[in-house]
There are 2 protein chains.
Amino acid sequence: MNEKKDLLLKLGSRVRDIRLSKGLTQTELAHSLGKDQQSIQRLETGNVNPSYIYLLQIAKGLNVELNELLNF
Amino acid sequence: MNEKKDLLLKLGSRVRDIRLSKGLTQTELAHSLGKDQQSIQRLETGNVNPSYIYLLQIAKGLNVELNELLNF
DNA sequence: ATTATATACAACAGATACGTTGTAAAAATT
DNA sequence: AATTTTTACAACGTATCTGTTGTATATAAT
């Protein structure tokens, strides 16, 4: 399924773009959510298929609505 | 985390509401996505924390945008 | 050059998603 | 009442998520 990989890569790019627009590092975002830098790294590089709850947490850490995070 | 359980219950209710509004049974929705009735049941009753890709599939099966599925 | 900062990759363990089978309960239809 | 349809629950196996540790690479700063 390259379809799936593509979708995850796009999601990762979206997360990265928003994070950078907020001037945050992976570590800063991660720590604000009680996570490690590696968790964010895997998400941004499209190497995981994150859960609903995880996505909600990321949206919160980025100070955006979930809709905005997934709207692309 | 009752917080988490609450969020999953709300998501499940949302899926159920949309499914019923389309006049679909759990089995019909499931089969249209190559899944089993039980998969939809677990989602609607808040007993799973679905992945991003899974949510995209559900949205497709319900003929709604992901935004609409998560907008509640 | 050394140090500090930011990102990437691999692997491990525990937990859980997902597909599946079997079954039961509830509701609707005849 | 009997049958059919719809939904719910449990358990199993495989796969994967998530947190974590360790490390590597690249860039910037001192």
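All values below were derived from every heavy atom in this structure, side-chain atoms included, with hydrogens, water molecules and symmetry-related copies excluded. A, B, ... follow the sequence lines: proteins, then strands. Residue 1 opens every chain. Because the structure is predicted, anything quoted here is derived from the model rather than measured.
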message: Counting only heavy atoms not in A/K22 (residues, nucleotides, ligands), do more than 12 fall under 6.0 Å from its NZ?
response: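 Atom NZ in A/K22 is packed in, count exceeds 12.
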Using the closest heavy atom to pick a nucleotide of DNA chain C for each, name whichever of B/L8 or A/E44 lands nearer the 5' end.
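Checking each residue's closest nucleotide, the 5'-ward one belongs to A/E44.
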Looking only at non-hydrogen atoms, find the nearest pair between A/P50 and A/L43 and report the distance.
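Here A/P50 and A/L43 meet closest at CG-CD1, 3.7 Å.
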Starting at [atom1] of [X] and ending at [atom2] of [N], how long is that distance when rounded to a whole Å?
| X | N | atom1 | atom2 | answer |
| --- | --- | --- | --- | --- |
| A/N49 | D/dT18 | CG | P | 8 Å |
| B/Y54 | D/dC17 | OH | P | 15 Å |
| B/L24 | D/dT5 | CG | P | 17 Å |
| B/Q41 | C/dG19 | CD | C1' | 14 Å |
| B/D36 | D/dA10 | CG | C1' | 15 Å |
| A/H31 | C/dA6 | NE2 | C1' | 12 Å |
| A/Q37 | D/dT20 | CD | C1' | 12 Å |
| A/Q26 | C/dC9 | CD | P | 10 Å |

Is the phosphate of [N] approached by [X] (side-chain N or O, under 4.0 Å from OP1 or OP2)?
| X | N | value |
| --- | --- | --- |
| B/R19 | D/dT6 | no |
| B/S39 | C/dG19 | yes |
| A/R16 | C/dA6 | no |

**Prompt:** Just checking, any donor-acceptor pair under 3.5 angstrom between side chains of B/K5 and B/N49?
**Reply:**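 There is no such pair between these side chains.
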Worksheet entry | Closest nucleotide among C/dT7, C/dG19, C/dC9 to the B/K35 side chain |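 Nearest listed nucleotide: C/dG19.
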Of the candidate nucleotides D/dC17, C/dC9, D/dT7, which contains the atom at the shortest distance from the side chain of A/T45?
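Selected nucleotide (nearest to the side chain): C/dC9.
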* B/V64 and its side-chain contact (heavy atoms from CB on, under 4.5 Å) partner, picked from B/L66, B/L62, B/N67 ->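 When B/L66, B/L62, B/N67 are each tested with B/V64, the side-chain contact (heavy atoms from CB on, under 4.5 Å) holds only for B/L62.
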Inset, instruction - Classify the nucleic acid contact of A/S51 as base, sugar-phosphate or nothing, counting any heavy atom under 4.0 Å across all strands shown. - result: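 Answer is sugar-phosphate: A/S51 comes under 4.0 Å of backbone atoms only.
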key: Pair B/R19 + B/E44: basic N to acidic O under 4.0 Å   =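 Yes, this pair counts.
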Relative to the 5' end of DNA chain D, which residue comes earlier, B/Q38 or A/Y52, by the nucleotide with the nearest heavy atom?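 On the 5' side of the pair lies B/Q38.
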